[in-house]
Amino acid sequence: MKIFISQPMRGKTDAEILAERERVIKAAKAKWGDDVEVLESFFRGAPTEAKPLWFLGESLKVMADADAIILCKGWSEARGCKVEFYAADVYGIPDYCMVGDEIKY
């Protein structure tokens, strides 16, 4: 199962973002087993002049291969996450939410 993690990133350090991703990965493996493949949507080495829409465009390309999207805390207030949620919805990709340390449908 290929999962896409949608998480707010603005104002967070790389360490905070990566720690949240690790919690999601752990929860996904607990729910679906070790065959979970995480699609990478944290872009290291992005162009320094890249604007938010560049990151969103790259994320949507990655999300095209997802079997499910997992929405992290705060997603409904983050522009990019809202677009990712909407795209998943209209293209039939199931969405799940992180609630504490668990994934809920």
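Below, each value reflects all heavy atoms present in this structure, side chains not excepted, and no hydrogens, waters or symmetry copies. Keep in mind the model is a prediction, meaning the values are calculated, not measured.
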**Q** How far does CG of D101 sit from NZ of K26, to the nearest 0.5 angstrom?
**A**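 One finds 7.0 Å between CG of D101 and NZ of K26.
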
**Q** Would you sort out whether K12 and E20 count as a side-chain contact (heavy atoms from CB on, under 4.5 Å), showing the intermediate values?
**A** CA-CA 11 Å; K12 294 183 180 179; E20 184 173 37; 3.4 Å; yes

**Q** Nearest heavy-atom pair of K104 and V99: which atoms, and what distance?
**A**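 Smallest interatomic distance, heavy atoms only, reads CG-CG2, 3.6 Å.
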
**Q** Which heavy-atom pair separates F4 from S59 by the least distance, and what is that distance?
**A**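 Heavy-atom minimum between the residues: CE1-O, 3.4 Å.
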
**Q** When you group the ILVMFWY residues by side-chain heavy-atom contacts below 4.5 Å and let the links chain together, are I3 and V62 in the same group?
**A**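 Result: no, two separate clusters.
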
**Q** Compare every heavy atom of G80 with every heavy atom of L56, then report the nearest pair and how far apart it is.
**A**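 Result for this residue pair: CD1-O, 3.8 Å.
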
**Q** Using the rule that Ile, Leu, Val, Met, Phe, Trp and Tyr join whenever any side-chain heavy atoms are under 4.5 Å apart, tell me whether L39 and I25 fall into a single cluster.
**A**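 In one cluster with L39: I25, no.
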
**Q** Using a 4.5 Å cut-off on heavy atoms from C-beta on, say whether the side chain of M98 contacts that of L71.
**A**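 Contact flag for L71/M98 side chains = no.
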
**Q** Distance-only, no hydrogens or angles: does the S41 side chain make a donor-acceptor pair with backbone N or O of I5 under 3.5 Å?
**A**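 Checking the backbone N and O of I5 against the side chain of S41, a donor-acceptor pair under 3.5 Å is found.
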
**Q** Grab the two heavy atoms, one from M1 and one from A68, that are nearest each other, plus how far apart they are.
**A**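 M1 and A68 have their closest heavy atoms at CE-CB, 3.5 Å.
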
**Q** Check A87 against M63 and note the closest heavy-atom contact, atom names and distance.
**A**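 Shortest heavy-atom contact: CB-CE, 3.6 Å.
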
**Q** Which heavy atom of V36 sits nearest to which heavy atom of A28, and what is that distance?
**A**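 So the two residues come closest at CG2-O, 3.6 Å.
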
**Q** Apply side-chain contact (heavy atoms from CB on, under 4.5 Å) to W75 and C97, showing your working.
**A** CA-CA 9 Å; W75 76 267; C97 287; 4.0 Å; yes

**Q** Output, in order, the C-alpha distance, side-chain angles, deciding distance and verdict of side-chain contact (heavy atoms from CB on, under 4.5 Å) for R21 and E40.
**A** CA-CA 10 Å; R21 291 180 74 75; E40 191 54 63; 3.5 Å; yes

**Q** Nearest 0.5 Å, what's the CZ-CD distance between R79 and E77?
**A**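 Rounded to the nearest 0.5 Å, the CZ-CD separation comes out at 13.5 Å.
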
**Q** Taking a hydrophobic cluster as the set of Ile, Leu, Val, Met, Phe, Trp and Tyr residues connected by side-chain heavy atoms closer than 4.5 Å, whether directly or through intermediates, do V38 and F55 fall within one such cluster?
**A**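 No: no chain of side-chain contacts under 4.5 Å links V38 to F55.
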
**Q** Do other residues, nucleotides or ligands put more than 12 heavy atoms under 6.0 Å from L53 CG?
**A**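 Open: at most 12 neighbouring heavy atoms sit under 6.0 Å from CG of L53.
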
**Q** If you look only at pairs with a residue in residues 19-44, which of them pass as a ring pair (Phe, Tyr, Trp, His ring centres under 6.0 Å), with sequence neighbours excluded?
**A**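 Checked against ring pair (Phe, Tyr, Trp, His ring centres under 6.0 Å) - neighbours excluded - the pairs reaching residues 19-44 are W32-Y96.
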
**Q** Quick one: CZ on R23 to CD1 on I70, what's the gap to the nearest 0.5 Å?
**A**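 Atom-to-atom, R23:CZ and I70:CD1 are 13.0 Å apart.
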
**Q** Indicate if Y105 and V24 have the same hydrophobic cluster label, given that clusters are the connected sets of ILVMFWY residues with side-chain heavy-atom separations under 4.5 angstrom.
**A**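 Same cluster: Y105 reaches V24 through Ile, Leu, Val, Met, Phe, Trp or Tyr contacts under 4.5 Å.
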
**Q** Is M9 reachable from W54 through a run of I, L, V, M, F, W or Y residues, each pair having side-chain heavy atoms under 4.5 Å apart?
**A**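 In one cluster with W54: M9, no.
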
